[in-house]
Amino acid sequence: MATTTHGHEHNPALQHHYDTPGQQKEAATLGMWAFLVTEIMLFGGIFLAYTVYRWAYPEVWAAAAPHLNTPLATVNTVVLLVSSLTVALSVHAAEQGNKRQLVTLLLVTILLGAAFLGIKFTEYGEKFAHCAGYANPLAWVTGGERLGEAECLVPGANFLFPAEAAAESGAAAGEAAVAHQPGMKSPHQLFFFLYFCATGLHAIHMIIGISVMGGITWMAARNKFSPAYFTPVEIGGLYWHLIDIIWVFLFPLFYLV
Amino acid sequence: MSTTALPQNYITNRATTATAWIKSWLLTVDHKRIAILYLLSINFFFLIGGAAASMVRLELVTPQGDLMSADMYNRMFTLHGVVMVFFFLIPGIPSVLGNFLIPLMIGARDLAFPKLNLLSWYLYMGGGLFALSAAVFGGVDTGWTFYTPFSTSYSNSNVILTIAGAFIMGFSSILTGLNFIVTIHKMRAPGLTWFRLPLFIWAHYATSLIQILATPVVAIALLLVMVERIWHVGVFDPALGGDPLLYQHLFWFYSHPAVYIMILPAMGVISELIATFSRKRVFGYEFIAFSSIAIAILGFLVWGHHMFVSSQSVYSGLVFGFITMLVAIPSAIKVFNWTATLYKGSISYRTPMLYALGFIGLFIIGGLTGIFLSVVAVDIHVTDTYFVVAHFHYVMVGGTIMAYLGGIHYWWPKITGRMYNEAWGTISALVVFVGFNMTFFPQFVMGYLGMPRRYHVYPEEFQIYHVMSTAGSTILGIGFIIPIVYLLLSLRYGKIAGDNPWDAPGLEWQTTSPPPTFNFETQPIVTEEAYAFHPEAAIKDAEAWRPGSPL
Ligand SMILES: [Cu+2]
């Protein structure tokens, strides 16, 4: 870099291979949008699987969906939507150069994201506790209340869907006939499998999103941003919005239908 | 470097210790150095995949299974397929030539995201490590397509490791595509409008679109296979309540466009070679540019032609077959335009041009047999025979390798600053062309006669074709080894190439060879279209011609 053909050395945020800050910002934004398209295609595969099987086993889907914890998920949806708002506000704060407001809003976003994950893991914990024979995660840890009716909604060898178990013991529902084929497991398990896959993948994205936000907060606290340069806040915000939007699709598909 | 005759450039180094030198390569963010890293690692994987192919061909010399067991044979052709598809053909041209040339061709100092570019290489290597360790621990026997439910429930080989390798490599491919798209949109030199871009850039743009749109779909399909294998949940296994066809749909939604990830950049290379060595503007520039985009789009609508013999309905089979035939239109547009470019051009048969002409020959055969296969009735007759094997080797492998080698030779003086040995170059190009046809043409015949693919024993009547094919593959192997030798020798003994040995008009030829770290001493400004050869260039060539001179 001894002889430079460009005289922007005074601007530390401008990387050597860009001509202007505007060009750098446009590149970053376009890159993020292209990445979001990729992410949508990634989740698209799961949505396709969901559609195919919902089409194939509509009554199974109808029976399985109520076994998810809709109240908790509703709370989570609200938490995420509020976090989208705080992200949008933080971009605004960065535009204004208001550092204190920016850091505060980013921290609130991170807290909301963590709250979402906490609630999500409570939901998962509930399913796993049921498999272990306890009524809720707390009882599982403390060895408290046992589960009344046996149930295990975590896909795997121990999977047990209550209605299916009842059908097996008595009435000859069409579904039970399917379940009796050798090696054939219940399509109910598919619903929960897709549920864990989709929400698990989403949770991984949340974890990444929170670390990205953490990095941006750290940069903000160290005065890396100015009204002239706050691209990371913007593209981080874009990513965050994408995670929210994916949840907005997952929520009705799994919990409400 | 052995001499100081070359100017200060991206290869020369101020590192004083060995560790600093290694670091300066492994932690580089210079697109040209990353391209070199890719060049070395991709060629390494090519040799591994080639070795596996040699074992397969060797086994097939006799109708009996004397060299290896059926199981070993399965693992061998799977290794060949996985390594060649995921670690050579898909990343080959974009990661090596694209990486090196895109910033140079558009007059930029680097790709838009240099660190992401380095990350792509590490992901590629990580994926490769997984795939290779799977091979070391006993291999995989599913074929490169990982069809369910065999891959999820019944195969007891290292499916998970291999799939993890392909999965990780997928992200490398996505990041490369993303980087190219942003670079081509945002980093072009002043005056370089879209219709002044070299066709190489257009082709890579179309490729990148496929990479970012299709790769995530196969990623999720492979992820589901892994999870199904670990948890025994029926996503794809019908015995567990899943749908194996869903896997085929998801897989081919990526893997058909993946063929265009291989062939579109190859077509980009060919457009450059044809123009330079005919000294003419490419005929029908806009048509070639848009046919790349058309191929990319149509490529997303034809995956069902891999599933004619699945339970897919006749109607969807016919529709997929029809759309597949439509792909022939933009492909033929390219071939006709290249041919028209040759017409009345001042053609010189230098090594890269030989590869380019070879490409056209192989691509015509591969493309036409592709039309046969898009006809449902014909396809059902030859499904899973060597006819299909020969077809896709002609298109994917013949096309990509000819362009890869042609491109490496053409830009070798730019990359290394030195010329290779022209006589040996000519010989190797001819050997590759002959070897390739001898390997794969007999496969059309035996496939049509009913030789199924993926069998290590076969009826005696096919032996003659198999022996021819194996003999051809030996020639082909020699054709690959010769360039490795003389290209390496050229690093030390090659003539200093100069900035523009081909007298070509592209921006990449305006900077020094090898280019300086930031590519251009001064920001280039573009005032004319691509392939603006001076009208008198052809006349000058004719005057400079001497008996025996290749130009
Ligand atoms: Cu195809």
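Here is the naming used below: chain letters follow the sequence lines, and residue numbers restart at 1 for every chain. Any value given below was found using the heavy atoms of this structure, including those in side chains, with hydrogens, waters and symmetry copies removed. Computed from a predicted structure; not experimentally measured.
- Environment of CZ in A:F249: sparse, with no more than 12 heavy atoms of neighbouring residues, nucleotides or ligands closer than 6.0 Å.
- Here the CG atom belonging to A:L194 is positioned 7.5 Å from the CG atom belonging to B:L224, to the nearest 0.5 angstrom.
- The part of A:Y53 that comes within reach of chain B is its side chain, from C-beta onward, which places non-hydrogen atoms under 4.5 angstrom from that chain.
- Heavy-atom distances place the side chain of A:L201, and not its backbone, under 4.5 Å from chain B.
- Heavy atoms only, all atoms of each residue included: B:R109 and A:Y18 are closest at NH2-O, 3.3 Å.
- Residues B:I212 and A:M41 fail the side-chain proximity criterion, which asks for heavy atoms closer than 4.5 Å.
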Notebook entry, point to check: Passes side-chain contact (heavy atoms from CB on, under 4.5 Å), B:V227 versus A:F196? Steps please.
Noted result: CA-CA 11 Å; B:V227 179; A:F196 275 104; over 6 Å; no
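- Heavy-atom minimum distance, A:V37 versus B:L213: CG1-CD2, 3.3 Å.
- In B:W25, the CH2 atom is crowded: over 12 heavy atoms of neighbouring residues, nucleotides or ligands sit closer than 6.0 Å.
- Judged by distance alone, with hydrogens and angles left aside, the side-chain atoms of A:E26 form no donor-acceptor pair with the main-chain N or O of B:K186 at under 3.5 Å.
- Heavy atoms of B:L250 lying under 4.5 Å from chain A belong exclusively to its side chain.
- Interatomic distance, B:H249 NE2 to A:L48 CG, rounded to the nearest 0.5 Å: 8.5 Å.
- For the residue pair A:A27 and B:V182, the shortest heavy atom distance occurs at O-CG1, 3.3 Å.
- Only the side chain of B:I174 has a heavy atom closer than 4.5 Å to any heavy atom of chain A.
- When each of B:V217, B:I220, B:T183, B:I181 is scored by its heavy-atom pairs under 4.5 Å with chain A, the top score falls to B:I220.
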Would you be so kind as to tabulate the donor-acceptor pairs closer than 3.5 Å made by side chains of residues 111-118 of chain B, with sequence neighbours excluded?
unit_1, atom_1, unit_2, atom_2, d
B:N117, OD1, B:N99, ND2, 3.3
B:N117, ND2, B:N99, OD1, 2.8

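- Taking CG of B:D243 as the reference point, atom CG of A:L190 lies at 9.5 Å (rounded to 0.5 Å).
- The line from OG1 of A:T38 to CZ of B:F171 is 9.0 Å long, rounded to the nearest 0.5 Å.
- From A:Q24, atom CD reaches atom CE of B:M187 across 9.0 Å, with rounding to the nearest 0.5 Å.
- The environment of CH2 in B:W194 is crowded: more than 12 heavy-atom neighbours from other residues, nucleotides or ligands sit within 6.0 Å.
- The heavy-atom pair separating B:L178 from A:A34 by the smallest distance is CG-CB, 4.0 Å.
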